[in-house]
Amino acid sequence: MEEYASKWMKRWEEARAFEAEPDPKRRKVFVTFPFPYMNGPLTAGHIFSACRIDTFARFKRMQGFNVLYPWAWHWTGQPVVAAAQRLKEGDPVQRRIFLEMDRVPEKELSKFVDPVYMATYYTAENRQVVKSMGLSIDWRREFHTSSYEPLFDRFVRWQYNRLRELGYVVKGTHPVVWCPKDKSPTQDHDRLEGEGVAPEEYTLIKFRLDGTDEYLVAGTLRAETIFGITNIWVKPDGKYVRIRVDGQVWVVSSETPGKLAEQLMKVEVLSEVKGSELLGRICIAPFTGRRVPVLPALFVDTGSVTGIVYSVPAHAPYDLLALRDLASGDKRLPSGFGQIAVGISPIPVIKLAGFEEIPAAQVVDKAGVKDQLDTKAEAATKDLYNREFHSGIMLENSGKYSGMPVSEAKAAVIQDLKAAGYALSFYDLPEPVICRCNTSCIVKVLEGQWFLTYGDEVWKSRSVEAIRRARILPEESRQQFIQTVHWLKAYPCARKTGLGTRLPWDEEWLVETLSDSTVYMAFYTIVTQLRRYQIKPEQLTDSALTYIFMGKGSLSSVAEESGMGPEILESLRNEFLYWYPVDLRNSGKDLVSNHLTFFIMQHVALFEESHWPRAVGVNGMVQLEGARMSKSHGNFVSAKDLINEYGADASRATLLASAEALDDPDWRSKNAADMRDKISSLPSFVQKTLSNSKEREGDMLDRWLFSQLQRRIIAVTEALEELRTRTAFYNAFFAPWNDVRWYLRRTTPNRSTLTRFFEEWIRLLSPFVPFVAEEVNERLGGKGLISLSNWPEIRKESIDIQAEAAEELVDGVVRDIKGILGVVKKPVTSALIVVADRRAREALKETVRLLSSGKKEGEVIGELVASQADTDRASYSKLVQAALRHCRETGIERISRIMEAQVDEAEVLTSASDFIAKETGLKSIKISYEEEAGEGKKGRTPLPAKPVIILT
RNA sequence: GGGCCCGUAGCUCAGUAUGGACAGAGCACCGCCCCUCUAAGGCGGGGGUCAUGGGUUCAAAUCCCACCGGGCCCGCCA
């Protein structure tokens, strides 16, 4: 259908239309789209964000800016490697995704076992898609990431060396969900069970066994309840072990040593202990020194944390239930401990508003939980923990924490217990996670990981400042950026697997994907010249890049060290200085809390303030037929499919018209098909309309059409400045189309008017639907590329409020007559339209004036009537009351506008009377001033913009 | 669980900050016109308890509270 699309693609390329070179005489605009990851075809989501940027870029280009819109491809990361691996292993799901969703030809697929081949394939495939979409890219600057692009590799190495020099990269440890068999972190998609489960930080608390140097070590999320401890639980038939840790002897479940060992602790297993052997022994609780017995409980799981639980029956439903079960002589439990249990009373340590003294008892009884193995206990526990954490206050028996909110006391207690040597942190999974290989996962604390110190307070506050200075589009997103900066903590920035750039100082690590994608836009600014001068990777030294981006160092020594000539270095520096900073980067809202914020923060860390990002755009997530896109659910469409089915223009228009701000656009194929038909009829509409027109004197309708056009130009321009692409598209496409339709209905089409109108209209359309705009332009005899023509100038003098008010009046009269004809029973053939006279006009004007000055309606009547001669007062009062009603109904603002236009209503309607007759089917239309109208208007009062219509 | 956002015609969305005009637009749908046919084009029309329930107000889609439903994010995926 768009047989002309490839023609224009070629013309743009031949004309090097979008290749951007620095030009000191012109102001620049530098826009970027986050490079897409090359493990599959581009989707409607990529295209939506990219088209928003492209539309902005094309708009700015037409406004005369020197626009740079570059493109690159992200190869960094594990998915390509992982997918290749899965394919190698013959994974049928992976095969099906490649063949059915991604439409990879069978003969290509066999080569996909090589991840680099796969990335290369998709890069080529997607490059074609981006071109076909009509994105106005400077392709000379294209590159991809990872060590397979040596020049870029040097750039990332420079970036990380700089960050490290600045102290923003440090070594640390980090807990991950770990498969002991695969010896690798287990991601969500690698799990048979336990999606979304993440390591949780527990506190291990050591309880000395009375009369020994050994400790029972219990795990808890609620260290602050240590003051309410009454006993300790073990599983009576559980397997426990004595282990040596850090010179101490601990007793924990037999599963625990393996977990501790993965958390950087040296563990030596000494001997086995049966749970039953521990029963009845006495432990000493820290802080209170309370002596508490070890008792049996069935709910204890030796696989969870240490398999030892300290009991706080006042606040923990399980503990309370276990105590009750034991006291009541539950047969499932070992005998001999019932009496001890009977003697234990819960010790409350937290006051919770709206709850009784022992909250656990209350929730357990209310929920009707019958014993410790009742599944309802879980929900009761969660609920109570939550309430106590958020609104609980420590009671006066809680030492120095008394009176503190639980949320604060928790951290303080943990800190103090640790300081006193009674506690340490330990990670475990709150729920089981099973790896794809059917192995049960544990937590591993990875050592020697490299982190970006996003938690750094100075870095944070400068970043917040950068966010404050930047334009955030839409404005609603700003808060989320600031939130994200506040939330961020140290972030692991390197991995051992996948593609990427090696950390220069520790080459077994690769810079991970969210970390090499933050400041690479700077590379776009120099890559053309690097290629032009055939700079070798080894010449791109750190000092050279520091010189280019920071202006630091001595030119001559940098030139000598890098082997690049000083004039080349200068030239690179100048091009960077010309394009930087980034004027707009735009992406989906899912990237706000990571990529887009990292983008800002790393610029803050590495670049001077004048090079911080100027604007960040955010958009919603593209839905497909009302549902989230998902390859695994089969609800997926690639950008290539869209182009094939609907063409680039219609695809762009459908997406741009479907949403703006943070709303999620919804791709409906029905809408796209309608859009395709509408757009494809544009050239013939223009041609047909022109061929039906003829030269004539310009009249009011011509002025009206141009006046409307000005309004549209203003609206589109304003909306595009704020990236409100949906509003912009409406005002560029549908609104002018409807304007022409009204014009054609109203008058004999004037060829020169329409020619001029179309010339401007298609320029307005060009940023949105560039192919059809070029095509129509050519058919109209336009020379050159419309993509490089000027944005329609806003000519305020063409705004003709008189013509606009006149057409509003005519339209209103036609609608009114049609409305009346719809309800009137007797046949009518003629209309008498009575327009307001001078007196009515004055009355309305005064009414508007007084209302605008804040007078109440009653006061307006009083004041105006008083100003009249005695004899006129009755009729004037009627007039003012009508005027007040008119103001109420039509709105003061609109009336003021119409009054200001000072339309001669009689003249306008008289000249439109043929039109009115044609539209309404009436034979005769007469226009009259009020004083001439005489009988028949039944007391109705004509006012400006509100004539009285009498049908006979 | 926490943060942010959204729920208005069949569909996609305006309108909500500063409460007041019959709640609008585009598309779809229906009817008519044009036409050798199809697509396109022209004209007209129907269609909404503004998610729900309270409250504030002379007046609420708009402000407040509650509730229901949906989306994005909450670090080792990108």
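Hydrogens, waters and symmetry mates play no part in the numbers below; they use all other heavy atoms, side chains included. Throughout, a chain's letter reflects where its sequence line sits, starting with A, and its residues are numbered from 1.
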In whole angstrom, what separates [X]'s [atom1] from [N]'s [atom2]?
X: A/Leu591; N: B/rG75; atom1: CG; atom2: P; value: 15 Å
X: A/Gln449; N: B/rG75; atom1: CD; atom2: P; value: 15 Å
X: A/Leu656; N: B/rC13; atom1: CG; atom2: P; value: 13 Å
X: A/Gln483; N: B/rC73; atom1: CD; atom2: C1'; value: 11 Å
X: A/Leu514; N: B/rG75; atom1: CG; atom2: P; value: 13 Å
X: A/Arg668; N: B/rA9; atom1: CZ; atom2: P; value: 13 Å

Return the nucleotide paired to [N]: Watson-Crick means purine N1 to pyrimidine N3 with N6-O4 or O6-N4, wobble means G-U with N1-O2 and O6-N3, both under 3.5 Å.
N: B/rU49; result: none
N: B/rG1; result: B/rC74
N: B/rA25; result: B/rU12
N: B/rC34; result: none

For this session: Could you please name the option among B/rG42, B/rA78, B/rG75 that lies closest to any side-chain atom of A/Trp737?
Result: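 Of the candidates, B/rG42 comes closest.
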Problem set entry | Criterion ring-ring contact (aromatic ring centres under 6.0 Å, His included) on A/Phe598 and A/Tyr454, from CA distance to verdict | CA-CA 9 Å; A/Phe598 294 178; A/Tyr454 286 138; 4.6 Å; yes
Here's one to test your reading of the geometry: is the NZ or CZ of [X] within 45 degrees of the ring axis of [Y] and under 6.0 Å from its centre?
X: A/Arg585; Y: A/Phe33; value: no
X: A/Lys460; Y: A/Trp487; value: no
X: A/Arg745; Y: A/Phe915; value: no

Seminar exercise, completed: Each nucleotide of nucleotides 23-30 of chain B classed B (base within 4.0 Å of a protein heavy atom), S (only sugar-phosphate) or -, in 5' to 3' order, makes --SSSS--
For this session: Assign A/Pro36 to base, sugar-phosphate, or nothing according to its heavy-atom contacts below 4.0 angstrom with the strands shown.
Result: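 Touches nothing.
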Nearest-angstrom distance, [atom1] atom, [N] to [M]:
N: B/rC73; M: B/rC64; atom1: C1'; answer: 28 Å
N: B/rA17; M: B/rA21; atom1: P; answer: 12 Å
N: B/rA14; M: B/rG53; atom1: C1'; answer: 27 Å

Exercise. Would A/Asp663 and A/Arg726 pass as an ion pair if we require N to O under 4.0 Å?
Worked result: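 Salt bridge flag = no for A/Arg726 with A/Asp663.
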Exercise. Is it true that atom NZ of A/Lys496 has more than 12 heavy atoms of other residues, nucleotides or ligands lying nearer than 6.0 Å?
Worked result: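 Above 12, so yes.
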